[in-house]
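Structure first, commentary second.
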Amino acid sequence: MNTNRGIVSRGDHNNFNNNAIGKHARVSPADPSRHSARPAEVGPDGEPAAGWDIGVVTILSEELRSVVDELKLERHKVGGGLYFYQGEHTTPEATVRIVATQSQSQGQRSAMAALENLRRHYNPRLWALVGVGGGIHDQHARIGNVIVSTEIVYYENRKINPLGDVRRRGEHRQAPAPVVHAVNAFFTEHGTPARIHGQLPTHASEAFEVYPGLIGSGEAVIADRESDIREWLKTYHEKVLAVDMEAGGLSQYWQENSVHDATNPGWIVIRGVSDNADQEKGHGFHELAARNAAYILRELLTYLC
């Protein structure tokens, strides 16, 4: 028997699918392991097919693990060595298709690269940045609490004048109106703050609180209560509750990609507070904060999708 491994085809609109012609000819099924790594349907133009609802970006392994465990996602690998975790979650209104990934490192640029990978392979209709952040509000942003943000203040832009005169020029962006309405509905029904039981067994008897608020974002790891960045954020807007190093990249990516399609994906940031951005900053509460943030993402799916 001759084995043909391919067909040379010329012309437009050709389509060959499991054909076998001739005596004793047969179709050999493809090795399923070669296809298990394909994460997303591809449309006729080579672009990702529609159908993915939420694209989640995490930065730390604890953050991704928390999202994977909370939403029961499964690992998939695409060509080039990219790993994604995908699955479905059923809400009272719909079945939500979710895909999550982890950036290579901290910071705005790496977050934007992770968003681009999600867009190329899945093209979700909403971005979610989920994980830990530093709290800068003594009452609302205590360790273990969660901040849900639809407004980002990017603080890195500044003018440096003579004699040490530094003047920051913040960029303030808000998520699209449908996302803001969804978050408002969540807090209308759960209260402000929403009070939730702890998601780690060691904290199951402890309730944490969920607040809406602004996130200050830049490239600095802030571990000083007297930091000029903290002071500037407080004077810029009193409802800046936490800081991170990626949300500015998310909002910038969203704005710059608005030219691709009339329907630009929405975005949301969910940060569990793992420290108070002071000298006590450390990794001890990463797991607690990440678990709480992942749980709130799951609770918000009903409103976002």
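Just so we're clear, the structure is a prediction, and the values are computed from it rather than from any experiment.
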Original post:
Are Phe186 and Val180 in one and the same hydrophobic cluster, where Ile, Leu, Val, Met, Phe, Trp and Tyr link if side-chain heavy atoms are under 4.5 Å apart?
Top reply: no
Subject >> NZ/NE/NH1/NH2 to OD/OE distance under 4.0 Å, Lys159 and Asp165 >> reply: no
**OP:** Find out if a path of hydrophobic residues (ILVMFWY) with successive side-chain heavy-atom gaps under 4.5 Å connects Leu115 to Phe84.
**Re:** yes
**OP:** Would you check if Val166 and Asn161 make a side-chain contact, meaning some heavy-atom pair closer than 4.5 Å?
**Re:** no
Subject >> Side chain Thr58, main chain Gly131, donor-acceptor under 3.5 Å >> reply: no
**OP:** Indicate yes or no: at least one non-hydrogen side-chain atom of Ser227 is less than 4.5 angstrom from one of Ile222.
**Re:** yes
Subject >> Closest heavy-atom pair and its distance - Asn276, Val273 >> reply: ND2-CG1, 4.5 Å
Original post:
Rounded to the nearest 0.5 Å, how far apart are CZ of Arg225 and CD of Glu231?
Top reply: 10.0 Å
**OP:** Could you please spell out the steps behind the salt bridge (Lys or Arg N to Asp or Glu O under 4.0 Å) verdict for Arg142 and Glu209?
**Re:** CA-CA 9 Å; Arg142 294 193 295 267; Glu209 296 179 334; 3.4 Å; yes
Original post:
Is His190 atom NE2 crowded by more than 12 heavy atoms from other residues, nucleotides or ligands, each under 6.0 Å away?
Top reply: yes
Subject >> Non-hydrogen side-chain atoms of Thr192 and Pro212 separated by less than 4.5 Å >> reply: yes
Subject >> Non-hydrogen atoms of Gly213 and Leu241 that approach each other most closely >> reply: CA-CD1, 3.9 Å
Subject >> Minimum side-chain heavy-atom gap Leu304-Leu126 below 4.5 Å >> reply: yes
Original post:
How many angstroms lie between CD in Glu70 and CZ in Arg298, if you round to the nearest 0.5 Å?
Top reply: 4.5 Å
Original post:
Would you say Tyr83 has more than 12 foreign heavy atoms packed within less than 6.0 Å of its OH?
Top reply: no
Original post:
In terms of side-chain heavy atoms, does Glu246 have a donor or acceptor partner in Ser217 at a distance below 3.5 Å?
Top reply: no
**OP:** Please report the C-alpha distance between Arg125 and Asp53 in whole Å, then the side-chain angles of each, then the deciding distance to 0.1 Å, and finally whether the salt bridge (Lys or Arg N to Asp or Glu O under 4.0 Å) criterion is met.
**Re:** CA-CA 5 Å; Arg125 65 183 184 87; Asp53 298 298; 3.1 Å; yes
Original post:
Is there a donor-acceptor pair under 3.5 Å between the side chain of Glu88 and the backbone N or O of Ile98?
Top reply: no
**OP:** Might you work through the salt bridge (Lys or Arg N to Asp or Glu O under 4.0 Å) test for Asp228 and Arg158, ending with a clear yes or no?
**Re:** CA-CA 13 Å; Asp228 67 303; Arg158 57 195 181 273; over 6 Å; no
**OP:** State plainly whether the residues Glu287 and Arg65 are in salt-bridge range, i.e. N to O under 4.0 Å.
**Re:** yes
Original post:
In Å and rounded to the nearest 0.5 Å, what is the OG1 to CG distance from Thr95 to Leu301?
Top reply: 11.5 Å
Original post:
Between CD of Gln174 and OG of Ser251, what distance do you get to the nearest 0.5 Å?
Top reply: 11.5 Å
Subject >> Residues His237, His172; criterion side-chain contact (heavy atoms from CB on, under 4.5 Å); working and verdict >> reply: CA-CA 10 Å; His237 199 303; His172 189 165; 4.2 Å; yes
Original post:
What distance separates Ile229 CD1 from Glu219 CD, expressed to the nearest 0.5 Å?
Top reply: 10.5 Å
Subject >> Within one Ile-Leu-Val-Met-Phe-Trp-Tyr cluster: Val146 and Met245, side-chain cutoff 4.5 Å >> reply: no
**OP:** State whether the side chain of Thr91 and the backbone N or O of Thr302 hold a donor-acceptor pair below 3.5 Å, judged by distance alone.
**Re:** no
Subject >> Matching residue for Tyr122 among Tyr85, Trp127, Trp52 - test: ring-ring contact (aromatic ring centres under 6.0 Å, His included) >> reply: Trp52
**OP:** Establish, from distance only, whether the side-chain atoms of Gln252 and Tyr154 form a donor-acceptor pair under 3.5 Å.
**Re:** no
Subject >> Side chain Glu63, main chain Ile59, donor-acceptor under 3.5 Å >> reply: yes
**OP:** List the atom of Gly55, the atom of Pro124, and the distance in Å for their closest heavy-atom pair.
**Re:** N-CB, 3.5 Å
Original post:
Out of curiosity, does Tyr303 fall in the hydrophobic cluster containing Val130 (side-chain heavy atoms, cut-off under 4.5 Å, transitive links)?
Top reply: yes
Original post:
Is Val96 reachable from Ile270 through a run of I, L, V, M, F, W or Y residues, each pair having side-chain heavy atoms under 4.5 Å apart?
Top reply: yes
**OP:** Answer whether the closest heavy-atom distance between the side chains of Leu60 and Val132 falls below 4.5 Å.
**Re:** yes
Original post:
How far apart are the C-alpha atoms of Phe208 and His197, what are their side-chain angles, what is the distance that settles it, and do they pass the side-chain contact (heavy atoms from CB on, under 4.5 Å) test?
Top reply: CA-CA 6 Å; Phe208 65 90; His197 288 297; over 6 Å; no
Original post:
Between the main-chain N or O of Glu62 and the side-chain N or O of Ser66, is there a donor-acceptor pair closer than 3.5 Å?
Top reply: yes
Original post:
CD1/Ile268 to CG/Leu297 distance, rounded to the nearest 0.5 angstrom?
Top reply: 8.0 Å
Original post:
So with a 6.0 Å cut-off around CD of Glu189, is the heavy-atom count from everything else above 12?
Top reply: yes
Original post:
What closest approach, in Å, do Cys305 and Ile54 show between heavy atoms, and which atom pair accounts for it?
Top reply: SG-CD1, 3.5 Å
**OP:** Establish, from distance only, whether the side-chain atoms of Arg173 and Gln255 form a donor-acceptor pair under 3.5 Å.
**Re:** yes
**OP:** Could you go through the ring-ring contact (aromatic ring centres under 6.0 Å, His included) check for Tyr211 and His140 one step at a time?
**Re:** CA-CA 7 Å; Tyr211 286 90; His140 296 344; 4.1 Å; yes
Original post:
Between Gln108 (side chain) and Gly248 (backbone), is there a donor-acceptor pair under 3.5 Å?
Top reply: yes
Subject >> Side chain Asn292, main chain Gly144, donor-acceptor under 3.5 Å >> reply: yes
Original post:
Do you know the tightest heavy-atom contact between Ser110 and Ser105?
Top reply: OG-N, 3.1 Å
Original post:
Any donor and acceptor pair, going by atom type alone, linking the side chain of Thr101 with main-chain N or O of Leu118 inside 3.5 Å?
Top reply: no
Subject >> Within-4.5 Å side-chain heavy-atom neighbours: Glu116 and Arg119 >> reply: yes
Original post:
Side chains of Val148 and Arg271: closer than 4.5 Å at any heavy-atom pair?
Top reply: no
Original post:
Are there more than 12 heavy atoms of other residues, nucleotides or ligands under 6.0 Å from atom CD of Gln104?
Top reply: no
Original post:
Yes or no on side-chain contact (heavy atoms from CB on, under 4.5 Å) for Val269 and Glu151, after CA distance, side-chain angles and deciding distance?
Top reply: CA-CA 9 Å; Val269 180; Glu151 293 185 70; over 6 Å; no
**OP:** Flag the pair Arg230 / Lys234 as yes when at least one side-chain heavy-atom distance between them is below 4.5 Å, and no otherwise.
**Re:** yes
Original post:
Side chains of Tyr155 and Glu171: do they bring a donor and an acceptor to under 3.5 Å?
Top reply: no
Original post:
Any sub-3.5 Å donor-acceptor pair from Thr235's side-chain atoms to Trp232's backbone N or O?
Top reply: yes
Subject >> side-chain contact (heavy atoms from CB on, under 4.5 Å) evaluation trace for Lys281 with Val221 >> reply: CA-CA 10 Å; Lys281 179 179 176 64; Val221 176; 3.4 Å; yes
Original post:
Does His283 NE2 have over 12 foreign heavy atoms under 6.0 Å away?
Top reply: no
**OP:** For residues Val240 and Leu233, report the shortest heavy-atom separation together with the two atoms involved.
**Re:** CG2-O, 4.0 Å
